[in-house]
Amino acid sequence: MASLAEKRMEDAEDHPIDQNQNTDQAARPEELRLLEALLFASAEPIDQAALGKRMPDGVDVKAALAQLQAEYAPRGVNLVRVANKWTFRTAGDLSWLMTRESTETRRLSRAAIEVLAIIAYHQPVTRAEIEEIRGVVTSKGTLDVLLETGWIRPRGRRKTPGRPLTFGTTEAFLSQFSLEALGDLPGLEELKGTGLLDSRLPSGFSVPTPSDDVALREDEDPLEAGDNLELLLAPAAEPEEGGGSSES
């Protein structure tokens, strides 16, 4: 009976190795294999700094990621950056392969969409500031719906009387809308071009530049124990009615 080593030698004779393929593999930088292993093994996206700590000294992680991204661009799996972190995802044009059943999409109310947009562009922002921008009262239920999606979060408390909660967006928000950073949100001219803003805007009207800074600002205090539950346990959304004291 032939030994395992003999069988391997026979297989090698039956299937000769392509020397050109060997040369290509040898020429490929080893750091690309290391990055592949780390990214495939991780259940969550990884930032460049964390990847750099696992690489040998002297490796240009940024350049290696760019090369790896280019290699995977035409493949069924792509290397993408979400919220300034890197991960492998199914190519967008092949996403239908992963669908096994239809999913019923829950549409956000107009009020929730308006509040989400205000938080994205004006963060950190309080409920009172949201109401001032919208011109109507915002029910706690609307904020609860957005909290349940995971797209917004309480950041801290404003250093003003009553110490109201401040809100900001999350990495899940960036992932949902395929944004690398908040700076990729459409600006004034883009919003006009898509018809989301009236072309006849007041003089001096501008769209704020959203900030990715997660650090608390000088006018914010850290959250206290129980602050997250305060809104998650809030009453359900109130019915929307006409008038200036309800959602619109």
* Asked: For Thr169, does its backbone N or O pair with a side-chain atom of Gln123 as donor and acceptor, under 3.5 Å?
  -> yes
* Step through the shown structure and confirm whether more than 12 heavy atoms of other residues, nucleotides or ligands are within 6.0 Å of CZ on Arg54. => no
* Asked: Hey, are the side chains of Ile152 and Leu116 touching, using non-hydrogen atoms and a 4.5 Å cut-off?
  -> yes
* To do: Output yes when a side-chain donor or acceptor of Ser42 lies under 3.5 Å from a complementary backbone atom of Pro45, and no otherwise.
  => no
* Check ion pair Glu220-Lys159 (N to O, under 4.0 angstrom) -> no
* Asked: Under a single-linkage definition using a 4.5 Å side-chain heavy-atom cutoff for Ile, Leu, Val, Met, Phe, Trp and Tyr, are Val115 and Tyr121 assigned to the same hydrophobic cluster?
  -> yes
* Asked: Between Leu68 and Leu39, does a side chain to side chain contact (heavy atoms under 4.5 Å, CB included) hold up when you go through it step by step?
  -> CA-CA 11 Å; Leu68 195 61; Leu39 290 164; 4.2 Å; yes
* Asked: Is there side-chain contact between Asp221 and Leu216, with heavy atoms separated by less than 4.5 Å?
  -> no
* Asked: When you measure from the side chain of Arg157 to the backbone N and O of Arg163, does any donor-acceptor pair fall under 3.5 Å?
  -> yes
* All side chain to side chain donor-acceptor pair (under 3.5 Å) counterparts of Arg158, not counting sequence neighbours -> Glu129, Asp219
* Would you call Arg33-Glu30 a salt bridge at under 4.0 Å N-O? -> yes
* Asked: Side chain of Arg127, backbone of Thr166: donor and acceptor closer than 3.5 Å?
  -> no
Side-chain donor-acceptor contacts of residues 82-92 below 3.5 Å, not counting sequence neighbours, with atom names and distances?
{"residue": "Lys85", "atom": "NZ", "partner": "Glu171", "partner atom": "OE2", "Å": "3.4"}
{"residue": "Arg89", "atom": "NH2", "partner": "Ser175", "partner atom": "OG", "Å": "3.2"}

* Verify the neighbour count for atom CD of Glu132: are there more than 12 heavy atoms of other residues, nucleotides or ligands below 6.0 Å? => no
* Do Phe177 and Leu174 sit in the same hydrophobic cluster, where Ile, Leu, Val, Met, Phe, Trp and Tyr count as joined when their side-chain heavy atoms come under 4.5 Å apart? -> yes
* **Validation row: Pro29, Gln67 side chains within 4.5 angstrom (heavy atoms)** => yes
* Determine the minimum heavy-atom distance between Pro154 and Leu147, stating which atoms define it. => CD-CD2, 3.8 Å
* Asked: Side-chain heavy atoms under 4.5 angstrom apart, residues restricted to Ile, Leu, Val, Met, Phe, Trp, Tyr: same cluster for Trp151 and Val214?
  -> no
* Asked: Given the rule in the side chain to side chain donor-acceptor pair (under 3.5 Å) test, do Tyr72 and Glu36 qualify, once you have shown the distances and angles that lead to the verdict?
  -> CA-CA 11 Å; Tyr72 276 86; Glu36 282 176 325; 2.6 Å; yes
* Asked: Below 4.5 Å, heavy atoms only, C-beta onward: do Glu131 and Val136 meet side chain to side chain?
  -> no
* Asked: Is any side-chain heavy atom of Asp184 less than 4.5 Å from a side-chain heavy atom of Ser178?
  -> no
* Asked: When clusters are formed by joining ILVMFWY residues with side-chain heavy atoms under 4.5 Å apart, either directly or through shared neighbours, do Phe173 and Leu165 land in the same one?
  -> yes
* **Side-chain touch Leu34/Leu51, heavy atoms, less than 4.5 angstrom** => no
* **Co-membership, hydrophobic cluster, residues Val61 and Val80, 4.5 Å side-chain** => no
